[in-house]
Number of protein chains: 2
Amino acid sequence: MKKTKKICPDMPTCSVDYAFRRIGGKYKGRILWYLHEHSILRYGELGRTLPDVTTKMLTQTLRELEADKLISRKVYHEVPPKVEYTLTDVGQELIPFIEHLRQWGEKQIKKEMVEEAS
Amino acid sequence: MKKTKKICPDMPTCSVDYAFRRIGGKYKGRILWYLHEHSILRYGELGRTLPDVTTKMLTQTLRELEADKLISRKVYHEVPPKVEYTLTDVGQELIPFIEHLRQWGEKQIKKEMVEEAS
DNA sequence: CCGCATCCCAGGCGATACTG
DNA sequence: CAGTATCGCCTGGGATGCGG
């Protein structure tokens with residue numbers, strides 16, 4: 001199976017692989033989706049929207065999305081501090097995909113509930 | 001942040017979360033995509049198509065996709081054995097979105113190459 | 001309010017060997 | 001050919017506490 005192991009594991013093997021690395025993980029999809037729904041969200045608002053996230057994971061995930069230029073981060077140097085997150089144009093391009101995925105998920109959830117009531 | 005911890009971690013928090021759990025992981029997206037491109041693929045063909053997968057991960061991932069009813073598995077009881085994998089109807093529904101994602105990925109890769117030639 | 005630092009754990013993932 | 005079985009790493013992710 002493993003033929004020559006001349007593989008650089010940091011290089012995506014194809015464009016599907018590339019894309020999934022950018023939106024994979026536990027929170028990235030939801031963050032992009034919530035940012036689309038609300039246009040602008042502050043750090044704390046995002047944290048409250050994701051009921052299971054810790055500050056570490058929230059910060060880490062936001063930094064990764066920012067490095068991949070899917071979201072942008074605007075800092076207000078005031079007291080108390082304030083940081084706003086928005087989708088970039090590139091991030092916007094992913095929304096149709098996530099929207100359809102969300103609809104698919106809703107359909108499957110409903111289908112499962114019917115089956116459980118067997 | 002963590003308010004009451006009355007969270008069942010196995011319950012998806014929303015439909016986006018639900019969907020990402022089913023297509024997340026390192027190989028699921030690519031497997032679905034390759035199955036769409038080739039209609040039918042045998043176990044060994046899938047392994048050769050994913051240059052970095054081990055038999056353990058391939059089998060495990062295929063079983064998860066089968067349990068979620070995104071792919072179906074057909075066993076031929078012959079010698080040598082033969083197993084064919086295909087997309088189910090539900091799995092087919094995900095293809096437009098993976099296709100969209102793949103195109104987006106291709107565009108980004110090209111964009112990055114231009115930037116590197118700065 | 002928005003984080004960063006630290007410690008820690010589970011499980012996703014990998015390598016290798018073996019089987020019907 | 002199409003998997004199982006073991007073992008073990010390693011990193012994604014969680015809990016807690018501090019800092020500007």
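Sequence lines set the chain letters: A, B, ... in the order given, protein chains first and strands last, and positions in each chain run from 1. Note that these values count all heavy atoms, side chains included, but never hydrogens, waters or copies made by symmetry.
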Check: A:Q108/A:E112 side-chain N/O donor and acceptor closer than 3.5 Å: no
Taking the minimum atom-to-atom distance to the side chain of [X], which one of [options] wins?
X: B:V83; options: D:dA15, D:dG3, D:dC1; value: D:dG3
X: B:T55; options: C:dA17, C:dC2, C:dC7; value: C:dA17
X: B:M57; options: C:dG14, D:dA2, D:dA15; value: C:dG14
X: A:Y43; options: C:dC2, D:dG3, C:dC4; value: C:dC2

Separation of [N] [atom2] from [X] [atom1] (nearest whole Å):
X: B:L58; N: C:dG12; atom1: CG; atom2: P; value: 17 Å
X: A:R21; N: C:dC13; atom1: CZ; atom2: P; value: 12 Å
X: B:E84; N: D:dA2; atom1: CD; atom2: P; value: 9 Å
X: B:L41; N: D:dC1; atom1: CG; atom2: P; value: 15 Å
X: A:R73; N: C:dC2; atom1: CZ; atom2: C1'; value: 8 Å
X: A:L46; N: C:dC1; atom1: CG; atom2: P; value: 15 Å
X: A:D52; N: C:dA10; atom1: CG; atom2: C1'; value: 16 Å
X: A:K74; N: C:dG3; atom1: NZ; atom2: P; value: 15 Å

Salt bridge or not between B:E93 and A:K111? Use side-chain N to carboxylate O under 4.0 Å. no
Give one of base, sugar-phosphate or nothing for A:Y27, where a contact means two heavy atoms less than 4.0 Å apart.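 Contact class for A:Y27: sugar-phosphate only.
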Sugar-phosphate, base or nothing in reach of B:K26, heavy atoms under 4.0 Å: sugar-phosphate
With distance as the sole criterion, do the side chain of B:T54 and the base of C:dT16 form a donor-acceptor contact below 3.5 Å?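 Side chain to base: no pair below 3.5 Å.
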Is any side-chain N or O of A:K56 under 3.5 Å from a base N or O of D:dG13, one able to act as donor and the other as acceptor?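 Side chain to base: pair found, below 3.5 Å.
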Would you mind telling me which residue lines up with the more 5' stretch of DNA chain C, A:P80 or A:Q60, judged by nearest nucleotide? A:P80
Need to verify one output field. Residue with the more 5' nearest nucleotide on DNA chain C, A:T59 or A:P81?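 Taking each residue's closest nucleotide, the earlier one in sequence belongs to A:P81.
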Parallel, tilted or perpendicular, as decided by the 30° and 60° cut-offs, for the rings of B:F97 and A:F97: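 Judged by the thresholds at 30° and 60°, the geometry between A:F97 and B:F97 is perpendicular.
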Please confirm whether the backbone N or O of B:W104 pairs with a side-chain atom of A:Y18, one donor and one acceptor, at under 3.5 Å?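 No; zero donor-acceptor contacts below 3.5 Å.
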How long is the gap from CG on A:L87 to CD1 on A:I95, to the nearest 0.5 Å?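 Rounded to the nearest 0.5 Å, the CG-CD1 separation comes to 5.0 Å.
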Looking at A:R42, does any N or O in its side chain come under 4.0 Å of the phosphate oxygens OP1/OP2 on C:dC1? no
